[in-house]
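Worksheet: the structure to be examined is printed underneath.
Each chain gets a letter, A, B and so on, in the order the sequences are listed, and its residues count up from 1.
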Amino acid sequence: MNILTTLVEKTQEAITKLYGLSDSNISFEQTNSKFDGDLTFVVFPYLKYSKKRPEDTAKEIGDYISEKMEEIKSFNVVKGFLNIEFNDDYWLNVLQNRIDLGIQIPEIGMDKKIVVEYSSPNTNKPLHLGHIRNNVLGYSICQIFDAVGYDVVKNNLVNDRGIHICKSMVAYQKWGNSETPESAGLKGDHLIGKYYVMFDQHYQKEVIDLISKGVDKDDAKEKSPLMVETRNMLQKWENGDQEVISLWKKLNGWVYDGFESTYNRLGVSFDKIYYESDTYLLGKEIVKEGLKSNVFFKKEDGSIWIDLTPEGLDEKIVQRSDGTSVYITQDIGTADLKYQEFEMDKFVYVVGNEQDYHFKVLQLILKRLGKSYADGLYHLSYGMVDLPEGKMKSREGTVVDADELMDEVVSTAKKQTEELGKTDGMSPQELAELYEVLGIGALKYYLLKVDAKKRMMYDPKESIDFQGNTAPFIQYTYTRIASLLRAAEKVDFKLPKVFNPVEKDLIKLISNYPNVITSAANNYNPSEVANAVYELAKTFNKFYHELTILGEQDQNTRSFRITLSNMVGETIKHGFNLLGIQVPERM
RNA sequence: GGUUCCAUAGCUCAACCGGAUAGAGCAACGGUUUUCUAAACCGUAGGUUCCAGGUUCGAGUCCUGGUGGGAUCACCA
């Protein structure tokens, strides 16, 4: 039986016997590190039943439960806080279990399926730092759900059609001179991005020209020849015009090649990819049904709406008066498609918080339509990555390009490593891999260590750190351990005579690690894993500095420390794997 | 304007869903290497948790009102 369960049981028993109160909601928390003890029970809420001072109440309860449980070595009372300390046998047991069974994570997702949609790029420009946050978060949350036992489907919905795609196509057609990624020496996505920007520049000029000729601003935007041409192209695309389709295929193909290399370098992947060009007509049938069942209603001009005012929102359009569908209609259709294909228990959208309203509406509509899966929808709404001067904007060129940033951070890794000069004997290929692992790791960790929901700042002038709370720090800790283990003889695990305080801290962190994963899954929050691994690495470095491991004379103590180090290394590797970050054996 | 999210050390972020003396890293200053990797370790300094009330034994955390910032409210996606 779990120690915590027993503890709660006995505490309940104590409170019932002593104060006649049954059925209270007992909970323990980790003892604050500034006090002695392992777990803490707060007695303040029970004072009105005990009618005694906090100290006396805590002591009574402490006396009772330490009498009943032999795992309890001692307890101390500070004001209304009852701090309980377990004996060494208990901790030995915990460690023995960890050795025998490895890292055991509660399978809260057993027999459940989850579909996580992330990345979802537009195929008209290269990826930037904001996309990296999305990808890294999406991938990590998939790893975490996998670790807690879910059957995970990593899903990408590629926005490969629409007016924005036609913009790059028009520009390429006009000014491209049959340029190819090879002839231009550019990645495909960057080449297309160039034409997207080019379109916007010419378009802005046209609009200004028209305005100077006295045309109204909104009118000018509509009537600019480029925009007219773009709309025509979209029309042709929808009608299946051969020439347009083949241009579209060619340009999109280039972009996919570009994305693929970016994804590979980032280490993210997908099990199922949907293309909007295949799915954009979905949802229309559902709209038809919803109209019949009066979930939707039709206005005089033929447009179809849903009234969400009872839920405190507005009326929302689901089909235009010309019969075409809008963004949300496609999402309704795609949600249904997902369910038909996977029958998932949960489906997650990793999408920025600027779409909070959209997903609230989407879920409401699915509920109104009586879709059984609607409750399983979760919008993992992450914050934007801001620059010191504010939001990143593709059109204004104030973006941090994903590929450039990866190059930069990998070359920083190279420079740092060379300065430290500890990599003698590594082959050029091993070194190149190391720089990749360190650089990309630093970048990913930088993005994952902050709470996903919060918006964060990135200052391009200050390059990403390699010291302190960073991936290289943790990776360095791992290589220290790897190096130790290479030099150490095979050992049998033994318990030392006494635990050193740092050793005790390590044991606690290791034993608490599975709970961290559970919590990270429940909160859809990889940063909890990052912080726990950091805490562990930091504590290990303190341990490593304060105590000798291989040079320790006492056999038991030495083998214990080697085993403990090994466990720390395994835990770091496990945690980093959940974050999608690799660990090197040397650095 | 309506809705919604946010505000913690000079900077970037934590704080186990209401608990004890609010913690890290960076930056600054000082120290540690004949000994297992100094990308490390130890120390100093840095706080009225935006403001004003309220609830509670207890509030950075919950409620009300302000101030400041972001997002959103399209027959765009």
Between [N] ([atom2]) and [X] ([atom1]): distance, integer Å:
| X | N | atom1 | atom2 | value |
| --- | --- | --- | --- | --- |
| Asn353(A) | C73(B) | CG | P | 13 Å |
| Arg133(A) | C13(B) | CZ | P | 9 Å |
| Gln355(A) | A77(B) | CD | P | 12 Å |
| Phe540(A) | A40(B) | CZ | C1' | 11 Å |
| Asn124(A) | C76(B) | CG | P | 18 Å |
| Asn541(A) | A40(B) | CG | C1' | 6 Å |
| Lys453(A) | A7(B) | NZ | P | 13 Å |
| Met457(A) | A7(B) | CE | C1' | 14 Å |

How do Leu434(A) and His358(A) order along RNA chain B: which one's closest nucleotide is nearer the 5' end?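 Closer to the 5' end of RNA chain B: Leu434(A).
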Nearest-nucleotide comparison on RNA chain B, the residue closer to the 5′ end among Pro472(A) and Asp322(A):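 Closer to the 5' end of RNA chain B: Pro472(A).
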Run the side chain to side chain contact (heavy atoms under 4.5 Å, CB included) test against [X] and tell me which residues pass, sequence neighbours left out.
| X | answer |
| --- | --- |
| Leu364(A) | Leu308(A), Glu311(A), Leu313(A) |
| Ser381(A) | Asn353(A), Asp356(A), His379(A) |
| Ser483(A) | Arg486(A) |
| Asp451(A) | Lys453(A), Lys454(A), Asn525(A), Ser527(A) |

Taking the minimum atom-to-atom distance to the side chain of Val326(A), which one of A77(B), A39(B), A14(B) wins?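 Given the options A77(B), A39(B), A14(B), the side chain of Val326(A) is closest to A77(B).
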Which nucleotide wins on minimum distance to the side chain of Phe473(A), given the candidates U72(B), A77(B), A40(B)?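 Looking only at side-chain atoms, Phe473(A) lies closest to A40(B).
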Sort me out a list of protein N/O and nucleotides 16-23 of chain B N/O pairs below 3.5 Å, or just none if empty.
residue: C17(B); atom: N4; partner: Asn523(A); partner atom: OD1; Å: 2.8
residue: A20(B); atom: N6; partner: Thr40(A); partner atom: OG1; Å: 3.0
residue: A20(B); atom: N6; partner: Asn83(A); partner atom: OD1; Å: 3.0
residue: A20(B); atom: N1; partner: Asn83(A); partner atom: OD1; Å: 3.2
residue: A20(B); atom: N1; partner: Asn83(A); partner atom: ND2; Å: 3.3
residue: U21(B); atom: O2'; partner: Lys34(A); partner atom: NZ; Å: 3.0
residue: G23(B); atom: OP1; partner: Lys34(A); partner atom: NZ; Å: 2.5

Of all residues at least two apart in sequence or in a different chain, which pass the salt bridge (Lys or Arg N to Asp or Glu O under 4.0 Å) check with Arg133(A)?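 Scan of Arg133(A) (salt bridge (Lys or Arg N to Asp or Glu O under 4.0 Å), adjacent residues dropped) gives none.
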Does the ring of Tyr196(A) carry Lys167(A) above it, NZ/CZ under 6.0 angstrom from centre and within 45° of its axis?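 Checked: cation-pi criterion not met.
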Tell me whether the NZ or CZ atom of Lys299(A) lies within the 45° cone about the ring axis of Trp305(A) and under 6.0 Å from its centre.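 Output yes; distance and angle both within limits.
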Considering every strand and a 4.0 Å limit on heavy-atom distances, what is the contact class for [X]: base, sugar-phosphate, or nothing?
| X | answer |
| --- | --- |
| Tyr357(A) | sugar-phosphate |
| Lys391(A) | sugar-phosphate |
| Thr417(A) | base |
| Leu438(A) | base |

For the [atom1] atoms, the ones on [N] and on [M], what distance do you get once it is rounded to whole angstrom?
| N | M | atom1 | answer |
| --- | --- | --- | --- |
| G60(B) | C13(B) | C1' | 15 Å |
| A22(B) | G66(B) | P | 31 Å |
| G31(B) | C16(B) | C1' | 34 Å |
| G25(B) | A45(B) | C1' | 16 Å |
| U67(B) | G10(B) | C1' | 23 Å |

Listed pairs, N/O of protein and of nucleotides 34-38 of chain B, under 3.5 Å:
residue: C36(B); atom: O2; partner: Ile549(A); partner atom: N; Å: 3.4
residue: C36(B); atom: O2; partner: Leu550(A); partner atom: N; Å: 2.9
residue: C36(B); atom: N3; partner: Ile549(A); partner atom: N; Å: 3.1
residue: C36(B); atom: N4; partner: Tyr544(A); partner atom: O; Å: 2.5
residue: C36(B); atom: N4; partner: Leu547(A); partner atom: O; Å: 2.4
residue: U37(B); atom: OP1; partner: Ser483(A); partner atom: OG; Å: 2.9
residue: U37(B); atom: O5'; partner: Tyr544(A); partner atom: OH; Å: 3.4
residue: U37(B); atom: O2'; partner: Tyr476(A); partner atom: OH; Å: 2.1
residue: U37(B); atom: O2'; partner: Arg480(A); partner atom: NE; Å: 3.0
residue: U37(B); atom: O2; partner: Lys422(A); partner atom: NZ; Å: 2.7
residue: U37(B); atom: N3; partner: Met587(A); partner atom: O; Å: 3.1
residue: U37(B); atom: O4; partner: Met587(A); partner atom: N; Å: 3.4
residue: A38(B); atom: OP2; partner: Arg480(A); partner atom: NH2; Å: 2.4

Looking only at non-hydrogen atoms, find the nearest pair between Ser325(A) and Gln330(A) and report the distance.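 Heavy-atom minimum between the residues: OG-CG, 4.5 Å.
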For the student: nearest non-hydrogen atoms of Ile317(A) and Ile328(A), plus distance: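 Result for this residue pair: O-CG2, 3.8 Å.
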Scan residues 36-47 of chain A for pairs that pass salt bridge (Lys or Arg N to Asp or Glu O under 4.0 Å), counting only residues two or more places apart or in two chains.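 Listed once each, the pairs are Asp38(A)-Lys504(A), Asp38(A)-Lys508(A).
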Among residues two or more places apart or on two chains, list those pairs meeting salt bridge (Lys or Arg N to Asp or Glu O under 4.0 Å) that have a residue in residues 156-165 of chain A.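 Listed by first then second residue: Arg161(A)-Glu238(A), Arg161(A)-Glu276(A).
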Should we count CD of Glu389(A) as having more than 12 external heavy atoms under 6.0 Å?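 Counting neighbours around CD of Glu389(A), more than 12 heavy atoms of other residues, nucleotides or ligands fall under 6.0 Å, so yes.
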Inspect the surroundings of CG in Asn25(A) and state if more than 12 heavy atoms from other residues, nucleotides or ligands are less than 6.0 Å away.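 No, not enclosed.
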C17(B) glycosidic torsion: syn (within 90° of 0) vs anti: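 What C17(B) shows is a syn base, its glycosidic angle lying within 90° of 0.
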Phosphate OP1/OP2 of A77(B): any Arg320(A) side-chain N/O under 4.0 Å: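 Yes, because at least one side-chain N or O of Arg320(A) sits under 4.0 Å from OP1 or OP2 of A77(B).
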Lys542(A) side chain near C42(B) phosphate (N/O to OP1/OP2, under 4.0 Å):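 Answer yes for this pair, as a side-chain N or O of Lys542(A) is under 4.0 Å from OP1 or OP2.
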Which letters describe nucleotides 25-30 of chain B, given B = protein heavy atom under 4.0 Å from base, S = only from sugar-phosphate, - = neither? SS----
Using Watson-Crick or G-U wobble pairs with both distances under 3.5 Å, give me RNA chain B in dot-bracket, 5' to 3', with [ ] for crossers and | for pairs to another strand. (((((((..((((.....[...)))).(((((.......))))).....(((((..]....))))))))))))....
Tyr435(A): ring pair (Phe, Tyr, Trp, His ring centres under 6.0 Å) partners, not counting sequence neighbours: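 Applying ring pair (Phe, Tyr, Trp, His ring centres under 6.0 Å) to Tyr435(A) gives none.
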Identify which one of Lys59(A), Arg53(A), Lys52(A) satisfies the salt bridge (charged side-chain N to carboxylate O under 4.0 Å, His left out) criterion when paired with Glu55(A).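 Answer after filtering Lys59(A), Arg53(A), Lys52(A): Arg53(A).
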Please say which of Tyr446(A), Tyr445(A), Tyr534(A) ends up in a ring pair (Phe, Tyr, Trp, His ring centres under 6.0 Å) with Phe473(A).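 It is Tyr534(A), the one option of Tyr446(A), Tyr445(A), Tyr534(A) that forms the ring pair (Phe, Tyr, Trp, His ring centres under 6.0 Å) with Phe473(A).
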